[in-house]
Amino acid sequence: MHHLTTFVIFAIMERLIITYGGYFERFLETLSYKEIIKLNYIISLLETSDRMPAKFIKYIRDGLFELRMEYSSNIYRVFFIFDDDNIVVLFNGFQKKTQKTPLKEIELALEIKEAYYADK
């Protein structure tokens, strides 16, 4: 008598996270240690999760997304794109001080996106 054994294998999705143009690194320099820890956690979700809660990610337009973080009543955003399916490119980040994401920040991110594809 043979026993049938079923194995379920969970594969962790691994997206490659890269930055472009030094914008993200300059943004990191403005954050506290604890803010960086929280941002790293959210980025790790982006790296390994197929779907993310809406509180962490939002589609803006033209292939541009924002990574969303709140910490100690401060709100931060980091713009990014998907390049292919497995690469996430992080662009500019900023502390959000108004209800809506400032148009100048979105326009900057779209300019960075154009430069990224031109350099690619």
Side-chain angles (χ1 to χ4, degrees):
M1 182 177 216
H2 297 295
H3 294 287
L4 216 58
T5 306
T6 304
F7 291 96
V8 178
I9 299 172
F10 293 96
I12 295 179
M13 178 178 219
E14 279 287 325
R15 289 188 185 97
L16 178 63
I17 308 286
I18 64 173
T19 65
Y20 173 77
Y23 300 94
F24 180 73
E25 290 79 0
R26 285 191 288 282
F27 169 66
L28 279 182
E29 292 172 0
T30 69
L31 300 180
S32 72
Y33 175 74
K34 288 185 177 183
E35 290 166 337
I36 291 171
I37 296 292
K38 180 154 187 190
L39 184 58
N40 279 337
Y41 166 72
I42 296 169
I43 290 171
S44 74
L45 290 177
L46 183 60
E47 186 177 32
T48 59
S49 299
D50 191 29
R51 295 176 185 258
M52 287 185 61
K55 75 180 210 170
F56 292 135
I57 189 174
K58 180 181 179 185
Y59 179 74
I60 301 298
R61 71 174 202 245
D62 302 327
L64 185 68
F65 293 81
E66 67 178 9
L67 199 63
R68 312 170 97 191
M69 180 180 91
E70 288 187 38
Y71 186 83
S72 281
S73 73
N74 291 318
I75 299 170
Y76 301 94
R77 300 291 187 256
V78 176
F79 291 108
F80 70 95
I81 61 167
F82 290 96
D83 183 4
D84 297 323
D85 287 333
N86 297 322
I87 300 173
V88 176
V89 185
L90 301 174
F91 294 151
N92 53 318
F94 65 98
Q95 182 175 352
K96 188 173 169 194
K97 297 183 180 190
T98 59
Q99 190 74 21
K100 285 187 150 190
T101 299
L103 189 57
K104 70 179 183 116
E105 295 290 349
I106 294 170
E107 289 171 352
L108 174 60
L110 290 170
E111 288 173 18
I112 296 167
K113 176 186 160 201
E114 286 180 28
Y116 168 76
Y117 282 116
D119 286 350
K120 196 173 159 183

Should [X] and [Y] be regarded as members of a common hydrophobic cluster, given that ILVMFWY residues are connected when their side-chain heavy atoms come within less than 4.5 Å of each other, either directly or indirectly?
| X | Y | value |
| --- | --- | --- |
| Phe82 | Leu110 | no |
| Ile36 | Leu45 | yes |
| Ile75 | Leu31 | no |

Could you give the distance from [atom1] ([X]) to [atom2] ([Y]), rounded to the nearest 0.5 Å?
| X | Y | atom1 | atom2 | value |
| --- | --- | --- | --- | --- |
| Arg68 | Met52 | CZ | CE | 11.0 Å |
| Ile81 | Ile60 | CD1 | CD1 | 14.0 Å |
| Leu90 | Ile43 | CG | CD1 | 5.0 Å |
| Phe80 | Ile18 | CZ | CD1 | 13.0 Å |
| Asn92 | Lys113 | CG | NZ | 13.0 Å |
| Leu64 | Ile112 | CG | CD1 | 9.0 Å |

So, the side chain of Glu35 versus the backbone of Ser32: is there a donor-acceptor pair under 3.5 Å, distance only?
->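 Looks like yes, one N/O pair under 3.5 Å.
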Determine yes or no for a side-chain-to-main-chain donor-acceptor pair under 3.5 angstrom, with Thr98 supplying the side chain and Lys100 the backbone.
->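 Yes.
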What closest approach, in Å, do Leu46 and Arg15 show between heavy atoms, and which atom pair accounts for it?
->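 Here Leu46 and Arg15 meet closest at O-NH1, 2.6 Å.
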Exercise: identify the closest heavy-atom pair between Pro102 and Phe94 |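 Scanning both residues completely, I find the closest heavy atoms to be CD-CE1, 3.7 Å.
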Ring pair (Phe, Tyr, Trp, His ring centres under 6.0 Å) with Phe65: which of Tyr59, Phe79, Phe91, Phe56?
->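 In the set Tyr59, Phe79, Phe91, Phe56, the residue that makes a ring pair (Phe, Tyr, Trp, His ring centres under 6.0 Å) with Phe65 is Tyr59.
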Does the side chain of Thr101 pick up a donor-acceptor pair with the side chain of Glu66 at under 3.5 Å?
->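 Yes, Glu66 and Thr101 have a side-chain donor paired with an acceptor closer than 3.5 Å.
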Check: Thr48/Glu14 side-chain N/O donor and acceptor closer than 3.5 Å =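 No, no side-chain donor-acceptor contact under 3.5 Å.
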Measuring only between side-chain heavy atoms, which start at C-beta, is [X] closer than 4.5 Å to [Y]?
| X | Y | answer |
| --- | --- | --- |
| Arg61 | Ile106 | yes |
| Met69 | Leu67 | no |
| Val89 | Ile17 | no |
| Val88 | Leu16 | no |

Basic-acidic side-chain contact under 4.0 Å: Lys120, Asp83 =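 Asp83 and Lys120: salt-bridged.
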Pairs where residues 23-47 contributes a residue and the test ring-ring contact (aromatic ring centres under 6.0 Å, His included) is met, not counting sequence neighbours |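 Found none.
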Partners of Lys55 by salt bridge (charged side-chain N to carboxylate O under 4.0 Å, His left out), sequence neighbours excluded?
->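 Expected list: none.
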Taking side-chain hydrogen bond (donor to acceptor under 3.5 Å, both in side chains) as the test, write out the residues that go with Glu70, two or more places apart.
->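 Partners of Glu70 under the side-chain hydrogen bond (donor to acceptor under 3.5 Å, both in side chains) test: none.
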